[in-house]
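The structure appears right after this line, and notes come after that.
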Amino acid sequence: KYQFAGLSDISISEDTPVEGEITIPMRSRAREFDSSTLNESVRNTIMRDLKAVGKKFMHVLYPRKSNALLRDWDLWGPLILCVSLALMLQKSSVDGEPGGGPQFAEVFVIIWFGAVTITINSKLLGGNISFFQSLCVLGYCILPLTAAMLICRLVLLAGPGPINFMIRLFVVVVMFAWSVIASTAFLADSQPPNRKALAVYPVFLFYFVISWLILTFTP
Amino acid sequence: MATTAAPGGGARNGAGPEWGGFEENIQGGGSAVIDMENMDDTSGSSFEDMGELHQRLREEEVDADAAAADEEDGEFLGMKGFKGQLSRQVADQMWQAGKRQASRAFSLYANIDILRPYFDVEPAQVRSRLLESMIPIKMVNFPQKIAGELYGPLMLVFTLVAILLHGMKTSDTIIREGTLMGTAIGTCFGYWLGVSSFIYFLAYLCNAQITMLQMLALLGYGLFGHCIVLFITYNIHLHALFYLFWLLVGGLSTLRMVAVLVSRTVGPTQRLLLCGTLASLHMLFLLYLHFAYHKVVEGILDTLEGPNIPPMQRVPRDIPAALPAAVLPAARLPTTVLNATAKALSVTLKSH
């Protein structure tokens, strides 16, 4: 009885109002952020995306074991590279030969379906990489081969010949090795350690086919 | 009697709100369910109708909830509100059913995990299986073991596609309607899947003990010999060398497949039919791959004289064996140089 005696005094009198403020700072900040990306100028959006793509290009050119390509994947870079490679591989139609048309679609389909197949294969082998992350990495690692295509086109302007061919062969082989090493640096970590070779072989085949298309290109 | 009381009670309970709902409909009220079939139902206590009753009870629960929700609106809007509620309910039910079916189909077909056990291999296993595919084993009284995996065969088919592409590009094969890549993929995958299915069908007729997966794996590993032969002979254009490799390497891989099939089939006629078909298809495929994508310089000059070339025609061209043999170490160079000169020739010939 003595214990509970004092409790009767603990009560809020009806005259004292209970008031205060409830703010939810996180939500309002998020809303602010959304509207700010909607309202910003097109130039800002494009520059932000281009900077992200450029940063990933740097990661491909100097392949280190980093997570940047995997964490925020995007498919802009692979699309730009794929389209530019397919455009450069177009044969100028000679005497109305219908050989120029399929080249673009061919390259496009090879790159995208090849990347999808490699991704499915690495997932089936037990890799823990997501579908789009893998597509992103494989697409970005086409950058050295696109550079090789550019160099080959420039070299071919000098006219065909055996020395010409040697230079092109050397450039394509170096870029092919660079592509395979770059993609391996990013993809190999996601595979169980004893199966890395099984996941790398299709990547090797994929870049080999693209390198072969580049090497045998004659305008 | 509890059991008979329950259906009786259930029938009464089931009939009550339905009849009540019918009355409410007459009044223009809310329940959206007009259950025509229950109006003539007099066999409420028979055993066969138990399932129907339970189903009706369940449906009626759902409808009671919906009716309770709709009643307020229905009462306000009268007959028009009732029709709107009905159509909205029907649409909602259709949407739910469609969504359920679609998600079930998606999880069934897009689930690549069904293929996962067939890719459970180690690199050492793949290497040993590749080597074993060239070694025929003469044990025919006991079924030989076939590894049921799909990684090795799939990679071999893709390697064959890459090698074919190499061969077609170096021979400058012109495919009028279609693409190089499409033709290469179509040929290789078509052979692997088509011939596997055909031999599996024959095996079914001949009572052989082999499953589809095993047949796919067996034929896939049999393409290893093809890959080796084509890789060597697309770069070294000697007909005699090709025939030697065709017999030796192609023959070894065919013998291996034949031995496995013989060990799993009973009866001489069946064995002959099955193994004869497989051996002939396998060897002929290698022959076809070599000669269809090979170079014929004379072919260019021949086809240029006739301007009307029918569509979907491959123009194979062959360089005589003596020429590359002289410059064997640098086998790549003469082909490109010869291609350039052949093209120059074609241009000059066309202009005349």
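Proteins come first, then strands; the chains are lettered A, B, ... in the order of their sequence lines, and each starts at number 1. Computation of the quantities below employed the complete heavy-atom set of this structure, encompassing side-chain atoms and omitting hydrogens, waters and symmetry-equivalent molecules.
In this structure the side chain of A/P144 reaches within 4.5 angstrom of the side chain of A/S179, judged on heavy atoms.
In terms of non-hydrogen atom pairs under 4.5 Å with chain B, the most contact-rich of A/L169, A/L125, A/N194 is A/N194. Comparing A/T117, A/L205, A/V109 by how many heavy-atom pairs each has under 4.5 Å with chain B, the most go to A/L205.
Under a cut-off of 6.0 angstrom, the local environment of CD1 in A/I163 is sparse, with at most 12 non-hydrogen atoms contributed by other residues, nucleotides or ligands.
Residues satisfying the salt bridge (charged side-chain N to carboxylate O under 4.0 Å, His left out) criterion with B/E132, sequence neighbours excluded, are absent altogether. A/S84 pairs by the side-chain contact (heavy atoms from CB on, under 4.5 Å) definition with A/T146, not counting sequence neighbours.
For A/L198, the parts sitting under 4.5 Å from any heavy atom of chain B are the backbone and the side chain alike. In this structure, no portion of B/Y118 lies under 4.5 Å from any heavy atom of chain A. Neither the backbone nor the side chain of B/V161 has a heavy atom closer than 4.5 Å to any heavy atom of chain A.
The aromatic rings of A/W212 and B/H166 lie perpendicular to each other, with more than 60° between the two planes, well past the 30° mark.
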